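Structure, as structure tokens:
Note that the structure is a prediction, hence the values are computed from the model and not measured. Whatever order the structure lists them in is the order used to number ligands and atoms, beginning at 1. All heavy atoms count here, side chains included; hydrogens, waters and symmetry mates do not. Numbering of residues begins at 1 and proceeds along the displayed sequence.
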Amino acid sequence: MTRPDPDPLHLLASRPSLRMDVHSGLLFEDVPLQILARDLGTPCWVTGAGTLRRRVRNLRSAFEAAGLDVGFHYAMKANDHLATLSVLRAEGCGADVVSGGELHRALTVGIRPDRIVFSGVGKTDAELKFALVQGVGQINVESAEELVRLSALAGTLGATARVALRVNPDVEAGTHDKISTGRAGDKFGIAWHEAPALYRQASDLPNVIPVGLAVHIGSQILSPAPFRAAYGRVADMVRALRADGLHVDIVDCGGGLGIRYRDELAPPPSALAGAIQETLGDLDVALAIEPGRWIAAPAGVLLASVIDVKKQPDDVPDFIVLDAAMNDLARPALYDSWHGIVPLSPERAQEDLIPQTVVGPVCESSDIMATARPLPPLQRGDVVAILDTGAYGAVMSSTYNARPLAAQAMVEHGQWQTIKARQPIEALWAGETIPEWLDRETA
Ligand SMILES: *Cc1c(COP(=O)(O)O)cnc(C)c1O
């Protein structure tokens, strides 16, 4: 038996940034979302700056309570809006970047290069050079080939690269197949048995300095056990490398801590801190983590309007067609993910719930936000908030079906501001050209 879906009010009870007000409807950090939907239109993403801050502080206090001094490198692929990055920079986060574009963004908001870690399974020469010229603090190398190439590139620039080897500890993260990254067959990281020799090679190569090990085993991990297993293996490798006379100063523990989207028993940050403390706490290494989802996901909602209600026979849930779709929020189509859906209106919150299937208008059968979800009977014109979409939400949007990228706003303490205008429709074909010979044909 599958567990029943939590109802909207139950979802709000465990989300302190959201509150249903009897007059203004759903509030996010004390901003009535109905006002945002009216002024900005839908679909529209809303990011809560206060929620971002609170999450970072919660995470930090968990590590402090465990007696650990841990550097935070926010994994900016989760949500790379400049406003989000500014908030997190102000909260003392560095950045984990996985492309030259992300590096550029991080530098644009003033994140110091020495607080940036460059990860990623395939870095081009141009990206590595850019990182070297900017003086990025740490480059996480993912293969022998990349290590040798980086050494050569650094040589041509007269630079020295501080590198960590991203190792693949071959552990099962117990998460969705498409977000597991630390099993032997995954494309990520250096194979376990090859890592020691490569670390030795790195210490012999010119223009690179091996500073430590990095590991990232997946995302939305819901138990401390895989973390403990991975970090335990890394600790063994640190000891083995040191026994061979090599210097290991840093362990980068990656990201992956899961959150409660539906009714998951997500581990508290103290469980992650405990896993790190137990395994790596006595190694005298500088520790760092790369959280993305845990910080950003609960700090965002996606607002969408009901554009049609498609009635179905009695025993079949009606289709509620939203103006937000898989091109906006890809996660349900990509990972079968579950997101809470809460109507904004205070009246709807009083009504009885009936199962409804919430879909987007894109021409794909996978464009389903929720199946047979208990919701008050939705009508055309109702606006809903799709919860916990602050991570891997707007960053994954596409313009499929010629749908412009949605507007974005930021809220905090009852104030709000547009942080990205809805993409103008003409922008969709700006830069496209029609070959001259086709022009001649139509002339
Ligand atoms: C994606 C990623 C992260 C962040 O993962 P979350 O699950 O969002 O915390 C951290 N490190 C690396 C190398 C990543 O690729």
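- Annotation: V98 places no N or O atom under 3.5 Å from an N or O atom of ligand 1; distance criterion only.
- Here R60 does not pair with E64 in a salt bridge; the nearest charged N to carboxylate O distance is not below 4.0 Å.
- Residue S119 has no nitrogen or oxygen atom sitting less than 3.5 Å from a nitrogen or oxygen atom of ligand 1, judged on distance alone.
- Of all atoms in ligand 1, numbered sequentially from 1 with element shown, those under 4.0 Å from a heavy atom of A75 are 3 (C), 4 (C), 10 (C).
- Between W294 and ligand 1, no N or O atom pair is found at a separation short of 3.5 Å.
- Scanning the protein for heavy atoms near atom 13 (C) of ligand 1, the closest one is E290 OE1, 3.5 Å.
- Closest approach of A266 and R260 over heavy atoms only: CB-N, 3.7 Å.
- Proximity to G292 (heavy-atom distance under 4.0 Å) selects the following atoms of ligand 1: 6 (P), 8 (O), 9 (O).
- Numbered from 1 in the order shown, with element, the atoms of ligand 1 that lie under 4.0 Å from a heavy atom of R293 read 6 (P), 8 (O), 9 (O).
- Closest heavy-atom contact between R403 and D323: NH2-O, 2.9 Å.
- Considering only heavy atoms from C-beta on, V248 comes within 4.5 Å of Y199 through its side chain.
- Using a 4.0 Å cut-off between heavy atoms, S219 contacts ligand 1 through both its backbone and its side chain.
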I'd like a table of donor-acceptor pairs (distance under 3.5 Å, sequence neighbours excluded) in which one partner is a side-chain atom from residues 226-235, with atom names and distances.
unit_1: R228; atom_1: NE; unit_2: E278; atom_2: OE1; d: 3.2
unit_1: Y231; atom_1: OH; unit_2: C253; atom_2: O; d: 2.7
unit_1: R233; atom_1: NH1; unit_2: P169; atom_2: O; d: 2.7

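- Nearest heavy-atom pair across R422 and L40 is NH2-O, 3.1 Å.
- Of all heavy-atom pairs spanning T51 and P298, the tightest one is CG2-O, 3.7 Å.
- Nearest-heavy-atom check against atom 6 (P) of ligand 1 across A173, G258, G256, A296 picks out G256.
- Remark: R331 fails to qualify as a cation-pi partner of W338 under the 6.0 Å distance and 45° angle criteria applied to the six-membered ring.
- Close approach to Y392 involves these atoms of ligand 1, each under 4.0 Å from a residue heavy atom: 1 (C), 4 (C), 5 (O), 6 (P), 8 (O).
- For atom 14 (C) of ligand 1, the closest non-hydrogen atom of the protein is K77 NZ, 2.8 Å.
- Contacts with ligand 1 closer than 4.0 Å are made by no heavy atom of I221, backbone or side chain.
- Across every non-hydrogen atom of T418 and W416, the tightest pair is OG1-CZ3, 3.8 Å.
- Proximity of H216 to ligand 1, defined as any heavy-atom pair under 4.0 Å, is confined to the side chain (atoms from C-beta onward).
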